[in-house]
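Just so it is clear: chains get the letters A, B, ... in the order the sequence lines come, proteins before strands, and each one is counted from 1. Since we're looking at a predicted model, the values are computed, not measured.
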Protein chains: 2
Amino acid sequence: MSDADERIEQRPPTLSDVAQQAGVSLATADRVVNKRPGVRAETIRRVEQAVADLGFERNLGAAQLARRVRHRVMGLLPEAGGNPFMARLRQALEEASHTGAGRHLDLTIQAADTFQAEPLAAAILEAGTVADAIVAVGLDHPAVREAIDAVVARGVPVATLVSDVPGSARLRYVGIDNRAAGRVAAHLLGRFAGGAAGEILVVLGSRDLRDHRDRLDGFREALAERFPLIDVTGVVEGQDEPAATRQAVARILQRQPRPLAIYSAGAGNAGLCEALAERDLKPVVVAHELTPETRPLLVSGRIDALIVQDPGHEARSALRVVEAALSGARIDERQERIRVEILLPDNLPD
Amino acid sequence: MSDADERIEQRPPTLSDVAQQAGVSLATADRVVNKRPGVRAETIRRVEQAVADLGFERNLGAAQLARRVRHRVMGLLPEAGGNPFMARLRQALEEASHTGAGRHLDLTIQAADTFQAEPLAAAILEAGTVADAIVAVGLDHPAVREAIDAVVARGVPVATLVSDVPGSARLRYVGIDNRAAGRVAAHLLGRFAGGAAGEILVVLGSRDLRDHRDRLDGFREALAERFPLIDVTGVVEGQDEPAATRQAVARILQRQPRPLAIYSAGAGNAGLCEALAERDLKPVVVAHELTPETRPLLVSGRIDALIVQDPGHEARSALRVVEAALSGARIDERQERIRVEILLPDNLPD
DNA sequence: TTGTACGCGTTATCAG
DNA sequence: CTGATAACGCGTACAA
């Protein structure tokens with residue numbers, strides 16, 4: 001028993017406390033805690049023992065303060081264009097980059113076409129030469145996967161944001177479980193439609209976007225399980241843009257004039273609603289993301305429910321995750337899980 | 001123009017930069033930034049100008065590090081007893097108290113009976129004498145309001161958690177908009193019930209809990225607006241406990257044997273479901289909070305949807321808010337808004 | 001009214 | 001392999 005045991009310890013234990021308890025210097029304790037090389041096995045053991053005994057947790061604020069090097073993070077997002085969710089995500093990333101964990105990251109955001117595999121892969125490879133970490137909206141394509149694997153192999157951690165690149169060596173995917181989101185959509189549509197039999201149309205941005213495809217898969221799956229009387233009779237792609245979406249929907253409505261419900265898994269919802277209004281249709285509609293585009297549609301009842309993810313949370317999480325990777329810190333899993341939220345007119349945030 | 005303008009500034013501006021730019025010392029810049037007295041008006045102006053020019057934002061981590069005093073925060077939560085949500089909230093508070101903003105708060109959690117106004121008021125008053133700030137699950141009662149006003153008047157900030165005490169001088173309410181939550185419940189129940197006419201039962205913990213009453217109000221309101229064919233024909237109180245809830249529900253089922261749906265605004269849902277199972281009833285059920293009690297009920301389909309708030313988020317937010325008040329920092333409103341989430345079997349987190 | 005100087009807990013450099 | 005020690009950005013006694 002040391003003297004330290006005798007006084008009531010209100011202050012969290014510091015690395016000095018650990019060093020003292022282990023009978024080593026601060027520097028050595030630091031080496032052990034940060035798993036740096038050059039310490040005898042026996043010494044490592046003693047320090048780790050002290051850490052455990054004292055319940056030491058390193059003070060992230062102080063660590064950040066002391067670290068000299070600033071890390072460069074490249075953010076690869078699609079041109080916002082007609083997609084307000086991406087615009088908001090970009091803004092959220094910029095905000096997060098000078099607060100909290102992002103504080104000493106130099107974030108550069110670059111537009112990258114998320115619909116085209118080769119350009120995105122090239123952008124990732126190039127970013128890997130100038131940045132210490134990458135945060136990118138993914139695209140599920142071999143070229144992109146290889147690009148990610150290449151930069152990760154060079155020691156540049158990559159976090160995929162919103163749309164994953166499964167099978168790649170990315171450090172982590174930051175976004176919702178899109179299959180679950182699709183299931184939720186099916187569940188809501190089915191119940192909102194009152195269990196009636198009927199036809200459903202699905203609108204995607206593109207089948208190449210992993211998030212959209214996952215949503216569709218989950219949607220079909222849950223529909224088959226729970227609402228076997230409802231059929232998906234058409235899937236169209238609108239490139240996440242209002243104009244293209246409007247055209248695509250108008251076209252399919254010629255063949256399927258009275259859909260029971262519509263699941264819009266991508267952006268471009270204003271176009272969808274225009275196409276419906278033209279024909280004076282009022283099917284049950286479930287769409288994604290809360291944006292200046294979708295908000296009034298939900299309020300006015302043109303959209304029945306929105307399935308959303310919080311871009312602010314995603315941005316902070318992505319930066320926390322790469323920051324942790326870069327500095328060898330742990331993360332609180334619970335805080336990083338991005339939720340599938342459901343918005344009705346009644347729980348719309350201001 | 002100073003020399004600083006000529007180099008590219010990757011590093012966020014520090015207080016030193018501000019001081020230099022304004023031609024004052026670090027200490028003076030600090031006084032202005034933290035609104036401490038003893039600075040000439042003209043000097044204040046110059047410093048504020050510099051802050052604006054440079055876009056200075058103080059480094060919270062460093063500020064926390066430098067501050068000597070540790071603040072004592074008292075947490076007043078009801079005895080967890082049969083209420084697993086409160087148990088989780090308590091755990092979340094403890095975790096949050098040694099991470100991030102909570103890092104240099106000394107949190108003491110004390111059980112306080114949230115169903116009894118006088119004991120809670122007494123606990124608040126007493127806490128006000130030993131703590132620098134208070135985080136408490138509220139009760140909407142004049143005695144509690146007065147207790148809060150009294151300790152706040154003494155300079156002890158109070159944050160109400162989960163259940164508010166409206167009209168009191170509390171610094172802030174940290175929790176969901178319960179009226180909106182009730183509206184969401186009505187919306188879901190109505191639509192899940194397929195627009196059919198029928199009777200609805202509501203189960204509360206107690207009418208004295210502000211959060212439960214708000215939920216009921218919002219529920220009735222939205223029901224009247226959107227589903228005029230559905231009537232609330234019974235409201236029972238179960239003290240948030242399974243046993244009492246079971247009894248209360250069993251009793252009312254004798255008078256109203258075939259409810260269309262049930263809205264459970266409080267805890268004790270296991271008891272509710274038992275009472276229903278006894279009579280082999282399967283109405284649409286919407287309840288609150290994801291806990292070890294409700295999770296299996298949602299998975300098995302005994303509960304159709306859960307309306308939840310994230311206790312982890314609430315705990316971190318509450319500590320951030322009092323920490324900010326204690327140290328004069330600002331907060332990011334967007335990050336502090338607690339969301340009304342809807343859980344279906346399909347978007348249940350692990 | 002303003003400035004100087006030290007310390008907070010951690011990291012990194014440099015000398016043993 | 002290990003130990004001193006100087007930063008990091010800010011808060012605060014204390015001096016002027």
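- When each of C:dT11, D:dG11, D:dG9 is scored by its nearest atom to the side-chain atoms of A:Arg36, the top-ranked nucleotide is C:dT11.
- At the phosphate of D:dG11, OP1 or OP2 sits under 4.0 Å from a side-chain N or O atom of B:Asn34.
- The nearest whole Å value for the distance from the CZ atom in A:Arg70 to the C1' atom in D:dG9 is 13 Å.
- At the heavy-atom level, B:Asp30 lies under 4.0 Å from base atoms of the strands shown.
- Here CD of B:Gln49 is found 10.5 Å from CG of B:Leu54. Values are rounded to the nearest 0.5 Å.
- Between the side chain of B:Arg103 and the base of C:dG9, no donor-acceptor pair of N or O atoms lies under 3.5 Å.
- Applying the 4.0 Å criterion to OP1 and OP2 of D:dG9, one finds that B:Thr14 has every side-chain N and O outside that range.
- Note on B:Thr28: a side-chain N or O is less than 4.0 Å away from OP1 or OP2 of C:dG3.
- B:Arg31 contributes a side-chain N or O that forms a donor-acceptor pair with the base of C:dG3 under 3.5 Å.
- In this structure, A:His71 atom NE2 and C:dT11 atom P are separated by 12 Å, rounded to whole Å.
- Among the nucleotides C:dG9, D:dT2, C:dG3, the one closest to the side chain of B:Val24 is C:dG3.
- Of the residues in residues 47-58 of chain A, those with a non-hydrogen atom less than 4.0 angstrom from any atom of DNA chain C are A:Phe56, A:Arg58.
- Checking C:dT11, D:dG9, D:dG11 against every side-chain atom of B:Ala63, the shortest atom distance belongs to D:dG11.
- In this structure, CD of B:Gln20 is placed 13 Å from P of D:dG9, rounded to the nearest angstrom.
- The two atoms that bring A:His104 and A:Glu323 nearest to each other are CE1-OE2, 3.3 Å, heavy atoms only.
- Among the candidates A:Asn34, A:Val33, A:Leu26, the single residue satisfying the side chain to side chain contact (heavy atoms under 4.5 Å, CB included) test with A:Asp30 is A:Asn34.
- One finds the CG atom of A:Leu161 at 6.0 Å from the CG atom of A:Leu93 (value rounded to the nearest 0.5 Å).
- Counting non-hydrogen atoms of neighbouring residues, nucleotides and ligands closer than 6.0 angstrom, the CD atom of A:Gln335 exceeds 12 such neighbours.
- Straight-line distance from the CD atom of A:Glu42 to the P atom of D:dC1: 13 Å, rounded to whole Å.
- Phosphate contact (OP1/OP2 of D:dT2, side-chain N/O of A:Thr43, threshold under 4.0 Å): present.
- Remark: side-chain polar atoms of A:Asp132 are not paired, donor with acceptor, to backbone N or O of A:His71 under 3.5 angstrom.
- Inspection of the B:Glu57 and A:His98 side chains reveals an N or O donor paired with an N or O acceptor under 3.5 Å.
- Comparing atom distances between the B:Asn59 side chain and each of C:dG3, D:dG3, D:dG9 picks out D:dG9 as nearest.
- Remark: P of C:dG9 and CG of A:Leu15 are 11 Å apart, rounded to the nearest angstrom.
- Protein atom CZ of B:Arg46 is 11 Å distant from nucleotide atom C1' of C:dT2, rounded to whole Å.
- Between B:Leu26 and A:Ala27, the one whose closest nucleotide on DNA chain D sits nearer the 5' end is A:Ala27.
- Following rounding to the nearest Å, B:Gln64 (CD) and C:dT10 (P) show an atom-to-atom distance of 13 Å.
- Atom CG of B:Leu65 and atom P of C:dT10 are 8 Å apart (whole Å).
- Checked against D:dG11, C:dT10, D:dG9, the side chain of B:Ala62 finds its nearest nucleotide in D:dG9.
- In this model, the phosphate group of C:dT10 is not approached by any side-chain N or O of A:Arg67 to a distance below 4.0 Å at OP1 or OP2.
- Under a cut-off of 6.0 angstrom, the local environment of CZ in B:Arg154 is crowded, with over 12 non-hydrogen atoms contributed by other residues, nucleotides or ligands.
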